[in-house]
Amino acid sequence: MGIDFLILMKQEWMVIAILLILLFIKVSSDDWQNENILKLVNILLLINLITGFFGYRDGILFNEMFKTNHLIVTEKNILSLGTFIVSLQSYAWLRNNKLVLEFYLLLLSTLLGMFYMISAGNLLMFYLGLELSSIPLAALANFDLEKRKSGEAAFKFIISSAFASGLLLFGISLVYGTTGTLTLSALSDHLDGSSLQIFAFILLISGFGFKISTVPFHLWTADVYEGSPVTVTSYFSVISKGSVLFVFVTVLYTAFKSYAITWNHILFILSVLTMVIGNLFAIRQNNIKRFLAFSSISQVGFILIGMSGQSQAGTASVVYFILIYTFSNLGAFGVISLVSAYTGRENLEDYKGFYKTNPRLSWVLAISLFSLAGIPPTAGFFGKFFLLMAGAGQGNYLLITIAALNMVVSLYYYLKIIKVIFMDSNENPIKRLLTPSSPKLALIICTTGIILTGFVGYIYEYIFSMSTIF
Amino acid sequence: MLLSLFIILPLLTALAVLFCKGLKQVRMISLMGTSVQFVFSFGLLYEYWKERASGNRAQFLFEMNASWFDPLHIHYHIGIDGISLSMILLTAFVVIAGVLVSWTQETLNKEFFFLLLILSAGAYGYFISLDLFTLFFFLELAVIPKFLLIGIWGSGKKEYSAMKLALMLMAGSALVFVGLMGLYFNTSINGAHSFDLVEISQMQISNSAQNTFFPLAFIGFGIFAALFPFHTWVPDGHSSAPTAASMFLAGISMKLGGYGCLRVATYLMPEAAHHYSPVIILLSTVAIIYGAFATMMQKDLKYINAYSSVSHCGFVLLGIGMLTQTSITGAVLQMVSHGLMTALFFAAIGMIYSRTHTRLTEQLGGLLKVIPFISTVFVIAGLCSLGLPGLSGFVAEMTIFMGSWQNPDQWYRLATILACASIVVTAVYILRATGKSLMGPIHNFQYNHLADAGWNERLAAGILITGIVAIGVAPFWLYYLITPGTEYIIQHVGKAITLK
């Protein structure tokens, strides 16, 4: 038991250790330079990422409250990777911020919450993890302390998140009331399709829908994304969303396996709505953060299609896509956060003539956007292809056709940005930016990931082979 | 390995271009890279003849099959037959000419050549793919470079045209995607599905599946090949693009569509191809006539060539829709011929435009007196377009008409007659454009001092004209190259029809 306790929860221990180190620094002295703290944190996060790949095994702890397996470890590694990249990118913004340590304490608490949430074998444990991951996020959204919009974003987030949590809790309590268990693996045997259970199930799906911002539960997303600091926005859109998606897949395929027909219909409607509305709103945006918010809403629509596929192909395609989405979205956000940190400009028009002054950053942004749009040879092409392929495996060609046409619509607004960057001229372009080394490293990681992930077929094979474990 | 070089070489060249400094280095590297490709494509032709002469009757030669995404049975499967080989040759011709024509590309030259080379890698990869996933990958790979080429270096309403082109082509590939998905999930080999073109062709795909997914795939590829009424990107895209990109678009890009219609839609879903052939013939006949008459009304040289491309690519689809061996062979011949001819045409127009800064026929005039070389190139391209014997256009169109006439149905014969009649219209607009812009007095006195073609332009035109004449004077070598490939397709279609 003792050694299991250490090994199975290894990734959580790592995060806790980093948290303790940072707390210790905070308490012990005030002499630390921001630069050094950032360096230290980045190194610690890198160690956290690397150790994630070694010495893990499958197992269950605390009466199935906590479970881990190869798939879960991979999912956590993806989140660690994302957090590492976000941390590298935040350099330019945090360099002169007095509250660096607080930022990281909050950030890592949410990461810890996500780890527990993914590993949850029980709906209560899942709820605890979810709360741990979302309440510090609200504080992070408020991190631009002097900006009113930032506070507004935090408030919006906390209210909508509390509402979603309420729905989830209500759903969970109804599930417990009708089945007498909260353990995910035991749940599927106890579901008998009574109307109360279906109601509970719908509440659960709505709660999840809020967290991953599917239409019609998306209304908080754009405002929160716009108001938060760019780094936090990228964390919201990739890591926070990705972790809930991971759990959503597991819950659907294990606990609610017997409702497959029901949730296939629900996913159909949700995904079509999410894609169409996300796309239509993205077209009209002028603020680049709002724009990426809506584009990430429509990306979730595509992920839902992958989920509606058969369990193995579906899970594999979702996990694979989130890996790619991490690279592509963080690549785009990386450039935007640099521009925002140095110039404070976040509107689409500001990017006119960006290519003339910052050719390299322009290419990184372009490649990331192509990857989001699903254009070869970027990894996004492979990710989208496999998502839709998993969906097509169920024979739902109507959904696939709608999705494929939505990809064309989404291409339109991605190309609009490309046009602004490469083709439009501007009398007052963003000046040439000198990228500090750590954001540069982040962008290099993202670009390499975008270019290579698709071509290395082994990555998909690996994720696919692990997706059998539930 | 031999075939993969056609993808690797352009990519390496493109990579090398990124590390160059200045226009001189960039264009030298590009020219070297494309020349090596050019030589390689002839080497491949030689190897191909040698294999065939030694009695190798396999459908595809130089196959290579490596697993890519094993759980989904996606392979990197490549190989060529005569049809793909002729397309590869066409690509090699057009690309090297394109590089030569853009010899003095001043603004952002590095990016320009980089994108051009990526485009060529996409085209080569597309023509050698035998796996539908790989094929689709390369099909989409070619869309974005076109968008950037037109949007950044184009002229006129370039941003509008670039966006229109990118979105319409992506809509095409979205339809193709659904078609491919339908094919994939209707195959079964021991419970697994397959994207492999050869494997699918040996399978019996149910009639209902074929009838559902054939239109999607055909229209999808058709958009690339300017299928009426989805041709509207062609005039805008072609006329806004810089010269090399126009050459590439009309010369190769539209052929991606024709090739896909033939190789994927018709070959893999033969019963549906038979079922839908009246629709295809109707649409392509409309495209031929409409394209020809629309051209008559144009005043801009690039628009003239763009609309005539709609008309000429209609012949390709007509040949495919007729489903006889001769007509399909003719369709492939027409793809090669039109590719070379239209590339030459755009090259000539580009040379004129870069000197006179106008493409409107009424503002030009008497150019034959001041720039005789370029004017002659223009005339040769025009004559090829209207089907003068001795040039490739005649051979290709004649083969299509003969093949179409073999189809005894009276309505099909009516379509053939109508298509034939369009040649007269072609003659009208070509001769009128030639007369207005090349003959007569010189309207603008500044034109008296225009410089004739430089060595690079002469070389580019020379290469393309060699191709056109080689096909026009001695068509048999290309004919023998293509026929084994089309035989397979037609046997396949025949089998499917008799089974019915």
Side-chain angles (χ1 to χ4, degrees), chain A residues 312-313 316-317 320 355-356 359 363 366 369-370 373-378 381-382 384-386 388-412 414-416 418-420 422-424 454-465 467, chain B residues 11 18 66-72 74-76 108 110-111 118 121-122 125 133-134 136-145 147-148 150-154 158-160 162-163 166-182 184-186 193 195 209 212-213 216 220:
Chain A
Q312 193 179 12
S317 67
Y320 183 67
Y355 184 64
K356 298 233 165 61
W363 276 115
L369 292 178
F370 289 145
I375 300 287
T378 59
F381 169 77
F382 298 93
K384 284 257 171 76
F385 196 100
F386 295 152
L388 298 195
M389 202 164 154
Q394 299 285 41
N396 202 340
Y397 293 105
L398 178 65
L399 179 59
I400 301 306
T401 315
I402 297 173
L405 292 176
N406 262 297
M407 280 181 69
V408 182
V409 179
S410 72
L411 182 71
Y412 168 67
Y414 290 122
L415 285 184
K416 233 170 68 174
I418 302 289
K419 172 183 150 307
V420 168
F422 284 88
M423 297 163 200
D424 287 352
F455 289 105
V456 186
Y458 174 74
I459 298 176
Y460 183 79
E461 260 170 61
Y462 180 69
I463 294 175
F464 190 85
S465 69
S467 302
Chain B
L11 286 183
L18 283 187
S67 176
W68 195 355
F69 293 98
D70 198 42
L72 302 171
I74 289 171
H75 291 242
Y76 172 70
L108 298 176
K110 198 188 276 188
E111 290 85 347
I118 295 285
F133 179 83
T134 329
F136 185 69
F137 174 83
F138 286 115
L139 180 71
E140 282 210 338
L141 181 63
V143 174
I144 294 302
F147 171 80
L148 291 172
I150 296 176
I152 300 178
W153 293 276
K158 54 185 184 174
E159 280 138 17
Y160 165 78
M163 192 62 96
L167 292 183
M168 284 195 76
L169 294 189
M170 274 305 279
S173 62
L175 295 181
V176 170
F177 172 78
V178 181
L180 297 190
M181 282 293 133
Y184 177 79
F185 284 105
N186 279 294
H193 305 300
F195 267 130
T212 320
F213 296 111
L216 290 169

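Every value quoted in this text rests on a predicted model; they were computed, and no experiment measured them. Chain A is the first sequence line, chain B the second, and so forth, proteins listed ahead of strands; every chain is numbered from 1.
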To check you understand the geometry: which heavy-atom pair defines the closest contact between [X] and [Y], and what is its length?
X	Y	result
A:Gly374	B:Glu140	O-OE1, 3.7 Å
B:Pro71	A:Glu461	CD-CG, 3.2 Å
A:Ala404	B:Val178	CB-CG2, 4.2 Å
A:Met389	B:Met181	CG-CE, 3.5 Å
B:Ala174	A:Val408	CB-CG2, 4.1 Å
A:Gly454	B:Phe69	O-CZ, 3.0 Å

Atom pair [atom1]/[atom2] of [X] and [Y] - distance to nearest 0.5 Å:
X	Y	atom1	atom2	answer
A:Gln394	B:Phe185	CD	CZ	9.0 Å
B:Ile74	A:Tyr460	CD1	OH	8.0 Å
B:Leu72	A:Ser317	CG	OG	9.0 Å

Inset, instruction - Could you tell me if the ring centre of A:Phe455 sits under 6.0 Å from that of B:Tyr76? - result: no
What part of [X] lies closer than 4.5 angstrom to a heavy atom of chain B: side chain, backbone, both or neither?
X	value
A:Phe464	side chain
A:Met423	both
A:Ile459	neither
A:Tyr462	neither

Legend entry - Plane angle bin for A:Phe382 and B:Phe133 - parallel if under 30°, tilted between 30 and 60°, otherwise perpendicular: tilted
Taking every non-hydrogen pair under 4.5 Å, which of [options] racks up the most with chain B?
options	answer
A:Leu415, A:Leu405, A:Thr401	A:Leu415
A:Pro377, A:Ala403, A:Ala366	A:Pro377
A:Val456, A:Val409, A:Ile375	A:Ile375
A:Phe386, A:Tyr458, A:Phe370	A:Phe386
A:Ile400, A:Asp424, A:Leu411	A:Leu411

Less than 4.5 Å to any heavy atom of chain A: does that hold for the side chain of [X], its backbone, both, or neither?
X	answer
B:Phe177	side chain
B:Leu108	side chain
B:Ile144	side chain

Inset, instruction - For residues B:Phe136 and A:Phe381, determine if any side-chain heavy atom of one lies less than 4.5 Å from a side-chain heavy atom of the other. - result: yes
Inset, instruction - List the steps, then state whether side chain to side chain contact (heavy atoms under 4.5 Å, CB included) holds for B:Ile152 with A:Tyr355. - result: CA-CA 11 Å; B:Ile152 300 178; A:Tyr355 184 64; 5.9 Å; no
Legend entry - Chi angles and distances behind the ring pair (Phe, Tyr, Trp, His ring centres under 6.0 Å) call for B:Phe213, A:Tyr397: CA-CA 10 Å; B:Phe213 296 111; A:Tyr397 293 105; 4.9 Å; yes
Inset, instruction - Just give me the residue among B:His193, B:Met168, B:Lys158, B:Met170 that pairs up with chain A most often, heavy atom to heavy atom, under 4.5 Å. - result: B:Met170
